[in-house]
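Both backbone and side-chain heavy atoms feed into the values below; hydrogens, waters and symmetry mates do not. By convention in this document, chain letters (A, B, ...) are assigned in the order of the sequence lines, proteins followed by strands, and residues within each chain are numbered from 1. This one's a predicted model, so the numbers in the text were calculated from it and none came from an experiment.
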Amino acid sequence: MDNLEVTTGEGWSRTKHNGLLRLCRSNRIFPGPGIKLHTVEKGVIISADFPPAVWEHCWQVSLVDGMATIIPGFVNGRIPTISGVPLGGDEETKKPDPKLRIIDRLFNAHRMSWICIEVTCTEDWSALEKAEMVQVADISTDDGSDGGGSAKTDLGSMQYPSLSKRRSRYPVALLRKSKVGDVRVIDIAHFAVRHVAKKISDTEARHFFQLA
Amino acid sequence: MKLSARNWNESVSLARRGQIFAGRNVRMQRTHMGQCVSASGPSEFKHPWQLQPFWNAELNVWCCRVVPGFVNGRDVVMAMDGKDGSEDVPLTATTMDENQVEDAPTFEDADGPYLQMGSWDYPLAARSPGRAALTGSLWSFFKALGVREPEAMTSPMDETGSTKTIVHYTPESANPGTKELLSADVVLTGDHVGRRMETIISDPLSTGQTVANYVAIIPQISRYPFRLNAMPRFIQQSAAPDLLDGVLGSVVESNCESLLIGRLWLLSPDHPDEMYGDEGPSPDETWQPLVQNFVFWNLSFGAQDNIQRLDYAPLTLQTGLAGGIADSIFASMLAPINDANQLSLQILNRSQFKAFFWS
């Protein structure tokens, strides 16, 4: 295949012709795993699609049999709990890693649901009294049920909510259910967070969350 | 038919140029029918807001998907052309969400909504808004990829009709580059309440010394407060109104904030056939997309929501002279001073609703 070129006056042989055919044939490409070929007028576009990397980060949610496991993270240096057990389990009481049961009725009309950290502030709003993981159909309603207005997005309640009993919520994952019932998890939070409340009145505050 | 040696050698040369070799993150397997190309690179973490450009063969336009990002934990929408016109679609939506697809065990990001990148900035043109940014390491990067020298940047015409050259590049004859370059931006917009303040000081000779200070609240403009848009070039909004705006009596505070999410660059193939004007070329599927991401994590958003109340006590002079008649005279004399004081406080008050994105 190396000496396919000819000089002036030199006849091209069947061997050289077959060599050229082999060369052209060897140039044909076929898509393997992760490759998409798109033939256009001027050639072929090769696109590579790598599978997303698995990165076990804080607040990562995995669903198995309708139960959510959440990788522990910190909010103001505190690990949130599920039913009183901190994420990752409690070594002192020998309680295993708690799981959050995913409840069907806590999906809104658009088949969306959120897993949130629900923080409760102390009476002077200066610190956290507790932090729990909850599933809600609407981040902004007091009991987490579908508020009706929470469709594609919320209008008028786009900031972190100020709920009764000095609570607020920080969503860590969005659950989207298809019409056939599959639930897809989309991670929202990846790092430890810091919460600050700015008191407005005895019952209300503006809540801020940022990366710790 | 007689085939000349030159034609034959050109055919061989063409076939040789068509050979493919394994580059970075690609594995080639030679078979008797050709070569099988596989992706063998490390898996990448798809961070929020990551741009994923692709050529849409149906629409014949470059499009861009965005890995779902969130603002305050809420979905962000982008406008997509649907059957009933343009529709706001959440980033996390997939076609499988809306269609009855049986036996669909998994979801793919490739089903998500996408932006059509319909218009482009042509930063190689002298008058392009993005021309000024094509310097330093960014220009070195593109130059190494074979992009041709940009036109000299000029200022707008002055009174004499001539333009003044600000930056001049000397074309390098060694490797001048032949590729064209286009760019387009993906911008996140967040709506909030804005403010408009207008101060009118009436003519003291005709209508008396009257100072009117109007403050209007500009409402949110969008039903969905967080939205992604594609535009040729993002230009940062001006800063929040300052004291001078207050003194001039023309404070206008925008009711939306914008954040540059990412920039999509398109690199033309070698040896483009034509020369282009300021409009630039029209890219097709043979152009190479390059992505420049600016935001990597989900965002929070909040307006200052800062309305400062005025604690203003007007000047009074209560003397009781002349049976109290003098007090009303003093009050009318002090009224212009009180008006002026109140105006000063309004100006200095600087209540503002400016909002910020943060992570």
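- When ring centroids are compared, A/His190 and B/Phe296 stay outside the 6.0 Å threshold.
- Interface residue B/Ser11: backbone and side-chain heavy atoms are both found under 4.5 Å from chain A.
- Geometrically, A/Arg169 does not engage A/Tyr160 in a cation-pi contact defined by less than 6.0 Å to the ring centre and at most 45° from the axis.
- Both the backbone and the side chain of B/Phe45 come within contact range of chain A, each with at least one heavy atom under 4.5 Å from a heavy atom of that chain.
- When the candidates B/Gly190, B/Ser4, B/Ala5 are compared by the number of heavy-atom contacts under 4.5 Å with chain A, B/Ala5 comes out ahead.
- Between A/Lys177 and A/Asp104 there is a salt bridge, with a side-chain nitrogen of the basic residue lying less than 4.0 Å from a carboxylate oxygen of the acidic one.
- Residue A/Phe191 touches chain B through its side chain alone, counting heavy-atom pairs closer than 4.5 Å.
- B/Trp62 places a side-chain N or O within donor-acceptor distance of the main-chain N or O of B/Asp284, the cut-off being under 3.5 Å.
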